[in-house]
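In what follows, a structure is listed as structure tokens, so that the remarks can point back to it.
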Amino acid sequence: MKMIYDIKDHDLCLQIRQAVDDVCHHVIEMTYSQISIADFIFKSFDSIDDIKELRQYQFDSHQLIAVITDEKILVDLLHFYPLCFIRKQYAADDLRQCLSLLKMIDEHKDKILSFAVKESFVRLRSSHIYYIEAFSHYLMIYTYSGNYMIRHTVKEMIKKLPDHYFKQVHRSYIVNRIYIKEIFKDHLVLEDDTVIPVGRKYRQQILGE
């Protein structure tokens with residue numbers, strides 16, 4: 001995992017570096033000149049000037065992990081879609097949650113996904129998705145926190161999801177395998193008793209697992 005550490009507080013920077021090394025495999029430190037291939041950027045924000053400084057770089061949603069001293073600045077950072085925030089006054093708790101997410105991502109158990117929903121964006125952890133159902137040019141994403149309708153195709157979506165956990169089981173359904181309770185010849189039953197049809201084309205793959 002490739003990291004950029006841009007944290008002004010020297011002691012906190014050392015603490016974060018050590019903690020990341022302890023939970024993630026093969027951590028490599030990088031610089032802003034390598035931002036295009038970095039996985040995550042830990043950056044401290046003490047003022048609006050720090051935000052202006054960040055705007056000169058091109059990076060992806062959820063690549064930023066913001067370390068903040070003033071929670072008022074949090075709102076100004078939201079349009080960068082940070083993976084998470086580490087507030088200095090709650091550094092231990094926030095860092096623990098951040099590391100838990102990084103570990104899951106490092107082990108390919110989780111992925112952060114962003115989608116346009118009406119006039120806003122929603123950010124979802126892939127591990128929180130139960131299943132996805134297609135309706136023409138739209139998908140309904142069923143999650144533990146609610147359901148979201150997005151304009152997407154099954155083909156586009158399957159490329160975004162961790163392939164070890166998500167399986168297309170029907171031309172209109174993608175299922176998170178960790179929520180499968182029972183497998184039958186022509187359908188699946190999820191933990192909440194939702195019944196998902198299994199298409200003939202996908203039957204052998206599902207039954208053979």
Side-chain angles (χ1 to χ4, degrees), residues 1-117 120-129 143 145 150 156-157 159-166:
M1 192 170 277
K2 306 176 188 71
M3 301 290 189
I4 293 174
Y5 296 100
D6 182 9
I7 304 169
K8 297 172 186 176
D9 184 319
H10 179 70
D11 291 337
L12 181 58
C13 187
L14 288 177
Q15 178 187 350
I16 290 173
R17 275 190 170 118
Q18 184 59 57
V20 171
D21 285 343
D22 288 343
V23 302
C24 297
H25 299 96
H26 311 297
V27 178
I28 301 171
E29 291 190 30
M30 314 204 84
T31 66
Y32 281 115
S33 65
Q34 301 164 303
I35 196 169
S36 62
I37 59 172
D39 293 309
F40 298 103
I41 308 157
F42 284 88
K43 179 170 175 56
S44 55
F45 294 89
D46 298 326
S47 69
I48 295 296
D49 289 338
D50 293 320
I51 296 178
K52 291 178 180 177
E53 177 187 325
L54 190 65
R55 287 198 176 102
Q56 67 182 296
Y57 300 106
Q58 294 292 324
F59 57 93
D60 297 328
S61 298
H62 318 310
Q63 195 176 0
L64 174 67
I65 299 171
V67 181
I68 59 174
T69 53
D70 184 352
E71 291 193 32
K72 292 178 183 177
I73 216 167
L74 188 150
V75 176
D76 295 308
L77 287 166
L78 288 178
H79 71 278
F80 288 111
Y81 299 102
L83 179 73
C84 52
F85 290 94
I86 298 174
R87 301 162 295 175
K88 283 193 178 179
Q89 60 269 47
Y90 306 109
D93 289 339
D94 288 351
L95 179 57
R96 191 178 304 114
Q97 293 182 34
C98 178
L99 292 172
S100 175
L101 181 53
L102 286 177
K103 183 177 181 181
M104 293 188 74
I105 292 170
D106 189 42
E107 294 173 350
H108 307 291
K109 293 180 180 178
D110 216 345
K111 189 173 182 179
I112 305 299
L113 305 167
S114 291
F115 302 105
V117 178
S120 63
F121 282 85
V122 63
R123 184 178 76 165
L124 299 173
R125 289 175 61 168
S126 62
S127 62
H128 291 177
I129 297 173
T143 80
S145 60
I150 65 168
E156 291 169 337
M157 178 59 74
K159 291 178 180 178
K160 294 184 176 183
L161 295 164
D163 58 7
H164 182 69
Y165 290 91
F166 286 86

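Computation of the quantities below employed the complete heavy-atom set of this structure, encompassing side-chain atoms and omitting hydrogens, waters and symmetry-equivalent molecules.
The shortest non-hydrogen separation linking R87 to E71 is CD-OE2, 3.5 Å. Here the shortest heavy-atom pairing between C13 and I7 reads CB-CB, 3.9 Å. A pairwise comparison of heavy atoms in S126 and F166 identifies O-CZ, 3.1 Å as the closest pair. When all heavy atoms of L78 and P82 are compared, the closest pair comes out as O-CD, 4.0 Å.
Side-chain atoms of V20 and M1, non-hydrogen and from C-beta on, never get closer than 4.5 Å to each other. With a 4.5 Å cut-off on side-chain heavy atoms, I112 and Y81 do not count as touching. No side-chain heavy atom of I4 sits less than 4.5 Å from a side-chain heavy atom of Y57. By the 4.5 Å heavy-atom criterion applied to side chains, L113 and I129 are counted as neighbours. Contact annotation: the side chain of L95 never approaches that of L12 to less than 4.5 Å [non-hydrogen atoms, C-beta and beyond].
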Report task. Start with the C-alpha gap between F115 and M157, add the side-chain angles, then the distance that decides, and say whether side chain to side chain contact (heavy atoms under 4.5 Å, CB included) holds. Result -> CA-CA 11 Å; F115 302 105; M157 178 59 74; 3.5 Å; yes

Requested in this report: For side chain to side chain contact (heavy atoms under 4.5 Å, CB included), just list the numbers for V67 and I16, CA-CA rounded to whole Å, side-chain angles, deciding distance to a tenth of an Å, and then say yes or no.
Outcome: CA-CA 10 Å; V67 181; I16 290 173; 4.3 Å; yes

Query raised in the report: Can you list the steps and then say if F40 with I105 is a side chain to side chain contact (heavy atoms under 4.5 Å, CB included)?
Result: CA-CA 11 Å; F40 298 103; I105 292 170; 4.1 Å; yes

Query - Test log, rule side chain to side chain contact (heavy atoms under 4.5 Å, CB included), inputs I41 and Y32 - result: CA-CA 9 Å; I41 308 157; Y32 281 115; 4.0 Å; yes

Requested in this report: Mind running side-chain hydrogen bond (donor to acceptor under 3.5 Å, both in side chains) on D11 and Q15 for me, showing each step along the way?
Outcome: CA-CA 6 Å; D11 291 337; Q15 178 187 350; over 6 Å; no

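Heavy-atom neighbours of D163 CG from other residues, nucleotides or ligands within 6.0 Å: at or below the threshold of 12. Applying the 6.0 Å contact sphere to NE2 of H25 captures no more than 12 heavy atoms from other residues, nucleotides or ligands.
Separation of atoms CD1 (I65) and CD1 (I86) is listed at 6.5 Å; rounding is to 0.5 Å. Taking CG from D76 and CD1 from I73, the interatomic distance works out to 6.5 Å, rounded to the nearest 0.5 Å. Note: Q89 CD to D70 CG = 8.5 Å, rounded to the nearest 0.5 Å. Put simply, CG on L101 and CG on L83 are 4.5 Å apart, with the number rounded to the nearest 0.5 Å. Within the model, atoms CD of E29 and CZ of R17 stand 4.0 Å from one another, a figure rounded to the nearest 0.5 Å.
The salt bridge (Lys or Arg N to Asp or Glu O under 4.0 Å) check on D21 picks up nothing, with sequence neighbours excluded. By the side chain to side chain contact (heavy atoms under 4.5 Å, CB included) test, E53 is found to be paired with D6, K43, D50, Q56, residues two or more places apart in sequence or in another chain being considered.
Using a cutoff of 4.0 Å between basic side-chain nitrogens and carboxylate oxygens, K103 and D106 are not scored as salt-bridged.
Using a distance-only test at 3.5 Å, with no hydrogens or angles considered, no donor-acceptor pair links the side chain of D39 to the main chain of M3. When atom types are taken as modelled, the side chain of S127 and the backbone of D110 share no donor-acceptor pair closer than 3.5 angstrom. Remark: the backbone N or O of S44 is not paired with any side-chain donor or acceptor of K8 at under 3.5 angstrom.
Using a 30° and 60° split on the angle between ring planes, F42 and Y5 fall in the parallel class, below 30°.
Applying side-chain contact (heavy atoms from CB on, under 4.5 Å) to I68 and the options L77, D46, D94 leaves one that passes, L77. The side-chain contact (heavy atoms from CB on, under 4.5 Å) with I35 is formed by just one residue from the set Q63, Q58, M30; it is Q63.
No side-chain donor-acceptor contact under 3.5 Å links Q97 and D93.
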